[in-house]
Protein chains: 2
Amino acid sequence: MTTIYDIAKKANVSPMTVSRVINNKGNISEKTREKVEAVIKELNYIPNSAAQSLNLKKTKLLSLIITDITNPFFTKVARGAADKANQMGYQLILCNTDEDYEKESDYINALISKRVDGVIIAPTGDPSIKNLKKLIKNRIPFTLIDREIEEISCDRVLGDNYEGTKLLLQHLIDYGHKRIAMVHGPLTVSTSKERYQAYIETLKINDLNMDASFLVETHYKQEKQWNGIDHLVTLPLADRPTAIFAANNFIAIKIIKSLREKKIKVPEEIAVVCFDDLELFSDFDPFLTVSSQPAYDFGYTGTQLVIERVEEVGPADYRTINLKPELVVRKSSGTPIN
Amino acid sequence: MTTIYDIAKKANVSPMTVSRVINNKGNISEKTREKVEAVIKELNYIPNSAAQSLNLKKTKLLSLIITDITNPFFTKVARGAADKANQMGYQLILCNTDEDYEKESDYINALISKRVDGVIIAPTGDPSIKNLKKLIKNRIPFTLIDREIEEISCDRVLGDNYEGTKLLLQHLIDYGHKRIAMVHGPLTVSTSKERYQAYIETLKINDLNMDASFLVETHYKQEKQWNGIDHLVTLPLADRPTAIFAANNFIAIKIIKSLREKKIKVPEEIAVVCFDDLELFSDFDPFLTVSSQPAYDFGYTGTQLVIERVEEVGPADYRTINLKPELVVRKSSGTPIN
DNA sequence: CTGTTAGCGCATTCAC
DNA sequence: GTGAATGCGCTAACAG
């Protein structure tokens with residue numbers, strides 16, 4: 001491996017001068033700069049960033065921690081984060097936690113050891129607060145994206161789960177639905193909890209009955225899901241929900257598949273709506289009615305905010321960016337009933 | 001930041017002893033080991049891997065370079081790579097090249113600077129050979145996945161594009177199709193080239209006419225695509241293709257959308273088949289007939305192979321793993337005609 | 001404008 | 001079984 005010394009020797013200058021040329025620091029005569037640059041090219045020299053990191057205490061490494069790269073929502077988040085990181089000269093370490101707190105903890109330790117400059121994280125759930133505190137203790141700035149963890153000092157890029165839920169439910173209610181079930185994820189995840197609470201609230205505001213059996217808990221990730229709605233569809237028609245609100249896109253897919261297996265037509269017999277789009281699919285066949293969130297921006301803006309912290313530009317106060325959801329009405333919510 | 005020296009001082013031992021405890025090397029009495037470990041826990045010490053990298057010349061960093069994280073095929077590749085890397089104690093730097101050779105080159109330089117231990121790469125195309133040679137020059141092992149670059153010494157995990165294409169075309173031909181068009185990607189990409197050649201070969205074997213206008217070039221990535229099939233669908237019915245073979249999933253989506261806009265029914269009027277599945281979508285609505293590839297394995301096995309090189313276990317000879325495609329017949333290829 | 005000294009945090013080599 | 005010296009490749013602080 002060629003080092004700064006090899007360059008220095010061959011260019012008849014001191015290693016320091018080479019360092020200066022590489023980093024464009026201090027004043028250097030045109031002559032020596034050219035001479036050094038020539039040698040650098042000749043020897044294909046590329047600085048060793050481990051050495052740089054060691055005394056600069058900067059690694060130019062960022063990490064994106066997400067719970068399911070397989071979900072198109074997070075895929076777009078990753079895309080946004082990668083774009084911004086790249087654009088600013090950082091490399092991005094991808095951590096996929098599979099909604100698993102233990103994996104998240106392992107990653108956090110590894111990242112601290114790697115001395116990443118910053119972290120963009122969608123935590124696995126409320127217990128993640130321990131991991132975040134660990135980051136704080138190690139002075140690694142982070143921004144929380146998509147999922148809220150309360151009472152933590154950091155930047156945030158969050159969606160509006162209340163708004164998104166209300167948009168979806170109001171749409172169903174406007175269409176005449178009175179019996180709306182919800183299938184949500186674990187309530188230890190803020191997005192799940194907020195959508196859940198917004199569901200209850202919206203029903204109340206609209207004077208609709210709340211039936212405990214209409215609330216079903218499952219998981220966000222496909223591998224962990226169960227459909228959980230068998231008891232609903234075996235109900236007599238008059239008691240059966242006429243619409244189902246799925247807390248995320250994967251849950252919606254699972255539900256629609258189950259309904260189809262049971263020969264129940266969507267949306268004719270039961271309407272289905274959900275949070276987060278499946279653009280790839282919707283593009284192809286506009287079917288799912290969704291509250292669409294600007295996934296790319298979660299990643300892009302989240303990364304921008306950490307970088308501002310890392311580079312110590314930007315305001316002293318922590319910021320919370322709210323990204324608005326958008327109601328996209330398609331076939332799965334059917335047409336007005338009665 | 002707490003260092004090995006802080007631990008040493010507090011535990012009344014030398015830094016060296018602490019290092020030994022951390023790395024489980026050499027003989028250490030149970031007493032001192034326990035004492036040191038206690039202090040390590042107390043001070044929440046985590047080794048600085050920049051320092052470790054600097055004298056071990058190992059970073060425990062791997063990189064996955066793919067062309068489009070947005071494509072579910074690569075999403076699954078990423079998942080596989082991340083899983084294996086994680087499992088083996090490596091961190092994964094994600095590089096998204098957007099099918100852009102310049103971006104790829106920039107990434108390669110950054111990765112060399114970071115002294116990553118190994119790279120798993122789906123190159124942007126034939127010119128990537130320069131980047132691969134750069135890796136070789138810097139003694140960074142890599143495995144080529146999905147896309148072939150010839151005359152390079154390295155491990156490979158490749159699909160069988162000939163087989164996959166033949167499966168798809170033979171299926172169409174068996175159904176009675178005689179005028180089959182192909183929309184492919186840039187011929188500088190091996191998968192595109194091989195599918196293109198297999199198309200020509202298969203038509204020949206089946207004594208079918210080759211019409212130059214039936215071969216259309218576009219891009220693999222959605223942002224760069226144009227449908228390119230306008231001239232085909234304005235043809236008189238008797239000359240129009242009855243089926244279209246799309247070289248990848250995104251191309252198929254684009255084509256089907258175009259056809260629908262023109263009120264041409266798929267598969268009734270024109271059948272469409274393609275390479276690579278869109279499981280998320282197919283799961284939901286089994287529509288596209290595809291040659292499905294084990295995307296996860298490309299990432300997983302690719303990563304396994306580099307790690308074996310990095311750790312210098314495994315055979316001296318470079319290996320090429322061939323992953324077989326599987327024909328999945330669904331609606332878009334219609335039913336036997338005539 | 002350029003060079004020297006020192007040290008980032010750790011592990012290897014050699015002593016003891 | 002443990003410690004001291006040394007160097008990995010680079011840059012900050014100082015000197016000239």
Side-chain angles (χ1 to χ4, degrees), chain A residues 1-37 39-40 43-61 109-117 138-140, chain B residues 1-37 39-40 43-61 109-117 138-140:
Chain A
M1 205 73 293
T2 113
T3 77
I4 217 176
Y5 288 92
D6 302 324
I7 309 295
K9 197 176 294 176
K10 196 149 192 169
N12 277 317
V13 295
S14 77
M16 200 53 237
T17 304
V18 179
S19 175
R20 289 195 180 98
V21 170
I22 293 166
N23 300 299
N24 260 314
K25 276 191 177 175
N27 294 330
I28 295 177
S29 74
E30 259 317 297
K31 270 187 201 168
T32 53
R33 145 163 279 114
E34 277 166 18
K35 191 171 50 177
V36 170
E37 278 173 348
V39 179
I40 286 178
L43 267 52
N44 280 304
Y45 169 74
I46 299 184
N48 179 331
S49 64
Q52 292 180 141
S53 302
L54 195 55
N55 48 32
L56 295 186
K57 282 138 182 26
K58 291 281 167 208
T59 55
K60 286 285 178 178
L61 236 32
N109 284 336
L111 296 175
I112 293 173
S113 177
K114 279 271 166 302
R115 301 295 195 267
V116 295
D117 289 343
N138 284 275
R139 300 225 178 76
I140 299 180
Chain B
M1 204 71 295
T2 112
T3 76
I4 216 175
Y5 288 93
D6 304 324
I7 308 294
K9 197 176 294 175
K10 195 149 194 170
N12 278 316
V13 295
S14 77
M16 201 50 243
T17 304
V18 179
S19 174
R20 287 194 181 101
V21 170
I22 293 165
N23 300 297
N24 260 312
K25 276 190 177 178
N27 295 330
I28 296 177
S29 73
E30 260 317 297
K31 271 186 201 169
T32 52
R33 144 162 281 113
E34 278 165 18
K35 191 171 52 178
V36 170
E37 277 173 348
V39 179
I40 287 178
L43 268 53
N44 280 305
Y45 169 74
I46 299 184
N48 179 329
S49 64
Q52 292 181 145
S53 301
L54 195 54
N55 49 29
L56 294 186
K57 281 138 182 30
K58 291 282 167 207
T59 55
K60 287 281 176 182
L61 235 33
N109 284 336
L111 296 175
I112 292 173
S113 177
K114 279 273 167 299
R115 301 295 194 266
V116 295
D117 288 343
N138 284 276
R139 299 224 179 77
I140 299 179

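Predicted, not measured: the structure shown is a model, and the values here were computed from it. Below, chain A is the first sequence line, B the second, and so on; all start at residue 1.
Nucleic acid contact for A/Val13: sugar-phosphate only, since backbone atoms but no base atoms lie under 4.0 Å from a heavy atom of the residue. Across all strands, A/Ser49 comes closer than 4.0 Å to no nucleic acid atom at all (heavy-atom distances). Among the heavy atoms of the strands lying under 4.0 Å from B/Leu56 are primed sugar atoms or P, OP1, OP2 only; no base atom is included.
Rounded to whole Å, the distance from CD1 on A/Ile4 to P on D/dG7 is 18 Å. Taking atom OH of residue B/Tyr45 and atom P of nucleotide C/dG9, one finds them 10 Å apart after rounding to whole Å. Computed from coordinates, the A/Lys9 NZ to C/dT2 P distance equals 20 Å when rounded to whole Å. Following rounding to the nearest Å, A/Arg33 (CZ) and C/dC1 (P) show an atom-to-atom distance of 10 Å. In this entry the distance linking CD1 of A/Ile22 with C1' of D/dA12 reads 15 Å, nearest Å. For B/Asn24 and D/dG1, the CG to P distance is 14 Å, given to the nearest whole Å. Atom CD1 of B/Ile112 and atom C1' of D/dG9 are 17 Å apart (whole Å). Summarising the geometry, the separation between CE on B/Met1 and C1' on C/dG9 is reported as 12 Å, rounded to the nearest angstrom.
Between its opening and closing five pairs, the helix from C/dC1-D/dG16 to C/dC16-D/dG1 changes axis direction by 40°, a value rounded to 10 degrees.
For B/Asn27, there are no side-chain hydrogen bond (donor to acceptor under 3.5 Å, both in side chains) partners, not counting sequence neighbours. Listed by chain and residue number, A/Glu42 satisfy the side-chain hydrogen bond (donor to acceptor under 3.5 Å, both in side chains) test with A/Lys10 (two or more places apart in sequence, or in another chain). Scanning for side-chain hydrogen bond (donor to acceptor under 3.5 Å, both in side chains) contacts around B/Ser113 gives an empty result, with sequence neighbours left out. Considering only residues two or more places apart in sequence or on other chains, A/Asn109 meets the side-chain hydrogen bond (donor to acceptor under 3.5 Å, both in side chains) condition with A/Lys134.
Between the side chain of B/Lys114 and the backbone N or O of A/Thr59 there is at least one donor-acceptor pair closer than 3.5 Å. In terms of modelled atom types and a separation under 3.5 Å, the side chain of B/Asn48 and the main chain of B/Ala50 share a donor-acceptor contact.
For A/Ile28, the listed nucleotide lying nearest its side chain is C/dT2; candidates were C/dT2, D/dT2, C/dA11. Closest to the side chain of B/Asn27, from the set D/dT11, D/dA12, D/dG1, is D/dG1.
Rounding to the nearest 0.5 Å gives a distance of 9.5 Å between CZ of B/Arg33 and CD1 of B/Ile40. Rounding to the nearest 0.5 angstrom, the gap separating the OG atom in A/Ser53 from the CG atom in A/Asp117 is 8.0 Å. Taking CD1 of A/Ile7 as the start and OG1 of A/Thr17 as the end, the distance is 12.5 Å to the nearest 0.5 Å. Considering CD1 of B/Ile4 and CD1 of B/Ile22, their distance stands at 4.5 Å, rounded to 0.5 Å.
Look at A/Thr32 and you won't find any side-chain N or O under 4.0 angstrom from OP1 or OP2 of C/dC1. A sub-4.0 Å separation between OP1 or OP2 of D/dT11 and a side-chain N or O of A/Gln52 is present. Contact between the side-chain N/O atoms of B/Ser53 and the OP1/OP2 oxygens of D/dC8 is not found at any separation under 4.0 Å.
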Anything under 3.5 Å between a protein N or O and an N or O of nucleotides 4-8 of chain C, put it in a table, one pair a line.
from: C/dG7; atom 1: N2; to: A/Asn55; atom 2: ND2; distance (Å): 2.7
from: C/dC8; atom 1: O3'; to: A/Lys57; atom 2: NZ; distance (Å): 2.9
from: C/dC8; atom 1: O2; to: A/Asn55; atom 2: ND2; distance (Å): 3.3

